[in-house]
Trainee: 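To start, I am sharing the structure in question, which I have written as structure tokens.
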There are 2 protein chains.
Amino acid sequence: MSSSANPTTPPVQSIQRAVAIMRCFTEAEPELGVTELSKRLNLHKSTVSRMLTTLQQERLVDKNPETGKYRLGLGLISLAGVALGRLNARAAAQPYLNDLVETTRETVNVAVLDRGECVNIERAFSPQPIRYMGWIGRRTPLHCTASGKALLAGLTAEERTAVLPTPLPAYTPKTITDMNILTQSLAQIDRQGYAIVNEEYEAGFSSIAAPIRNHLGQVMATLAISGPTYRLEGETITTFITPLLQMTRQISADLGYRVM
Amino acid sequence: MSSSANPTTPPVQSIQRAVAIMRCFTEAEPELGVTELSKRLNLHKSTVSRMLTTLQQERLVDKNPETGKYRLGLGLISLAGVALGRLNARAAAQPYLNDLVETTRETVNVAVLDRGECVNIERAFSPQPIRYMGWIGRRTPLHCTASGKALLAGLTAEERTAVLPTPLPAYTPKTITDMNILTQSLAQIDRQGYAIVNEEYEAGFSSIAAPIRNHLGQVMATLAISGPTYRLEGETITTFITPLLQMTRQISADLGYRVM
DNA sequence: GATTAGGTTTCATAATACGCAACAAATTGG
DNA sequence: CCAATTTGTTGCGTATTATGAAACCTAATC
């Protein structure tokens with residue numbers, strides 16, 4: 001039977017269009033008008049207007065009464081809540097996050113792999129005013145974030161090739177874009193059991209992550225500690241290794257993973 | 001122009017159907033098959049199958065490889081993350097939630113009003129093993145939850161009539177179903193500035209909530225402390241009044257609300 | 001006040017989504 | 001182990017829906 005990668009069934013165009021409309025709304029641009037969406041998606045204004053009206057009826061978008069513009073609606077939050085609720089790694093990790101925040105005083109995140117990206121599914125924020133704000137749902141690349149690399153390190157070479165873009169995009173001057181160098185780096189991460197990334201994805205931002213394993217030993221999520229480089233640089237981030245690994249071992253054990 | 005309650009534009013049926021499919025997945029039933037969805041929604045199997053394929057391509061559902069059944073996908077989480085990101089009350093409340101959990105040792109939630117329901121938009125869980133697990137996105141009724149009543153108390157009589165169902169459904173023997181009694185109760189809540197609910201929505205469950213106001217003094221969200229009745233009954237829940245009100249005043253002040 | 005821009009609605013029709021039937025694969029029960 | 005049943009997918013023709021064009025309404029701009 002065909003996989004989703006090579007569908008023989010033509011997709012339902014109206015659903016694709018509706019999702020494309022919703023995906024135009026971002027953290028940077030939370031509100032958009034009919035005409036703007038029409039231009040971006042190359043759809044007629046009347047098509048966009050009708051679709052927005054239906055999405056609004058279904059609570060997936062709403063209209064800001066003050067600006068008259070559309071934005072994503074709270075109905076998405078309820079659906080997402082159901083989607084999050086089935087993630088075992090999230091439930092397993094959640095009781096430990098605040099302890100790790102207290103120990104490190106930095107933001108802690110849980111992330112999973114989804115279709116070539118790293119998706120945050122849980123987080124506990126640092127109490128410090130300058131902190132990493134990785135919100136739930138945020139997607140980041142795999143090859144230049146600590147969580148992403150920890151996820152990649154748990155994949156076979158084949159799986160890795162399937163999820164990584166070619167060429168690897170550069171996000172900062174420090175991003176590794178050579179596949180061989182990345183592969184070697186991932187082998188090292190697999191051996192040592194954690195990944196550290198300094199400013200490969202975003203200037204001034206560093207993090208350390210380790211895998212969370214299921215009862216079969218497969219990497220199902222990662223636990224990461226993130227913050228501004230000026231606070232983590234030097235030896236500071238290495239002091240997080242032990243508490244991080246202790247925590248991921250505990251969480252993995254809660255999920256049934258036994259080291260043989 | 002017509003509101004979403006009385007649309008003159010016919011809705012896009014395919015979008016409605018797709019959303020109906022997604023809404024079949026719940027916390028209680030996170031995985032469903034094509035035939036089951038077909039029966040529930042009275043749609044042909046081939047229609048459901050095609051729609052699920054497109055939703056899967058768009059990451060709003062995925063297929064559990066172990067069971068072959070469909071479930072809500074992580075793509076929803078990213079959209080919901082954007083939706084949550086625009087909620088000022090949530091961002092304003094978030095730094096205070098852990099303090100309130102430490103003070104009360106109970107679960108703390110932030111909720112907003114959305115189309116006749118109370119929706120959780122933030123939460124910090126109690127560290128105790130028996131605790132209220134109000135997940136983000138969870139929807140609860142207005143007339144029998146503390147958050148719901150705190151939201152209702154901030155509405156005009158007209159607005160209230162618009163959002164409340166008639167008759168008021170009973171969830172437990174303690175649910176108030178008489179509109180006059182509810183109205184009097186809400187007037188009292190408005191005067192005292194907080195709502196307490198004991199087992200009106202769910203047996204064994206109680207909570208206290210207070211409104212979060214914006215710069216105009218309008219109730220935009222609520223902050224609630226919830227837990228099992230056996231821990232909160234008697235005088236315990238009243239000891240939460242002062243810390244809760246202090247916190248909602250602080251959060252409201254952060255949002256620009258000034259008591260005249 | 002005129003013009004422009006954004007958004008909505010009516011209408012005819014082009015194109016899509018649909019149901020039906022057939023088929024393939026998986027599951028169930030004897 | 002095999003037949004029967006159930007589930008899910010796909011090809012096809014067409015009924016129905018979604019669509020774009022045009023007209024209209026409202027708000028914003030000059």
Trainee: Listed by chain and number, what are the salt bridge (Lys or Arg N to Asp or Glu O under 4.0 Å) partners of E159(A), not counting sequence neighbours?
Mentor: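 Counting only residues at least two positions away or on another chain, E159(A) forms no salt bridge (Lys or Arg N to Asp or Glu O under 4.0 Å).
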Trainee: Can you name the residues that form a salt bridge (Lys or Arg N to Asp or Glu O under 4.0 Å) with D114(B), not counting sequence neighbours?
Mentor: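 For D114(B) the salt bridge (Lys or Arg N to Asp or Glu O under 4.0 Å) partners, ignoring immediate neighbours, are R139(B).
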Trainee: With nearest nucleotides of DNA chain C determined for S46(B) and V12(A) from heavy-atom distances, which residue corresponds to the more 5′ nucleotide?
Mentor: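 Between the two, 5'-proximity favours V12(A).
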Trainee: Which pairs, with at least one residue in residues 14-23 of chain B and sequence neighbours excluded, count as a side chain to side chain donor-acceptor pair (under 3.5 Å)?
Mentor: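 Sorted pair list: E58(A)-R23(B).
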Trainee: Can you say whether a donor on the side chain of R17(B) sits under 3.5 Å from an acceptor on the base of dT17(D), or the other way round?
Mentor: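 Absent.
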Trainee: Hey, could you give me each pair passing salt bridge (Lys or Arg N to Asp or Glu O under 4.0 Å) that has a residue in residues 34-48 of chain B? Not counting sequence neighbours.
Mentor: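 For residues 34-48 of chain B: E29(B)-R40(B), E36(B)-R40(B).
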Trainee: So what does S14(A) touch, heavy atoms closer than 4.0 Å: a base, only the sugar-phosphate, or nothing?
Mentor: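 Touches sugar-phosphate only.
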Trainee: Check each residue of residues 67-76 of chain B for a non-hydrogen atom within less than 4.0 Å of any atom in DNA chain D, then write out the ones that pass by number, or none.
Mentor: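 Close to the strand are Y70(B).
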Trainee: Sequence neighbours excluded and cut-off under 3.5 Å, please list the side-chain donor-acceptor pairs for residues 147-154 of chain A, or say none.
Mentor:
residue, atom, partner, partner atom, Å
S147(A), OG, T222(A), OG1, 3.3
K149(A), NZ, E200(A), OE1, 2.9
K149(A), NZ, E200(A), OE2, 3.0

Trainee: Considering residues at least two apart in sequence or located in another chain, which fulfil the salt bridge (Lys or Arg N to Asp or Glu O under 4.0 Å) criterion with R131(B)?
Mentor: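 Per chain and number, R131(B) pairs via salt bridge (Lys or Arg N to Asp or Glu O under 4.0 Å) with no residue.
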Trainee: Could I get the full list of salt bridge (Lys or Arg N to Asp or Glu O under 4.0 Å) partners for R123(A), not counting sequence neighbours?
Mentor: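 R123(A) satisfies salt bridge (Lys or Arg N to Asp or Glu O under 4.0 Å) with E122(B) once adjacent residues are dropped.
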Trainee: Enumerate the residues from residues 24-40 of chain A whose closest heavy atom to DNA chain C is under 4.0 Å, giving them by residue number; use none for an empty result.
Mentor: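 Correct list: G33(A), V34(A), T35(A).
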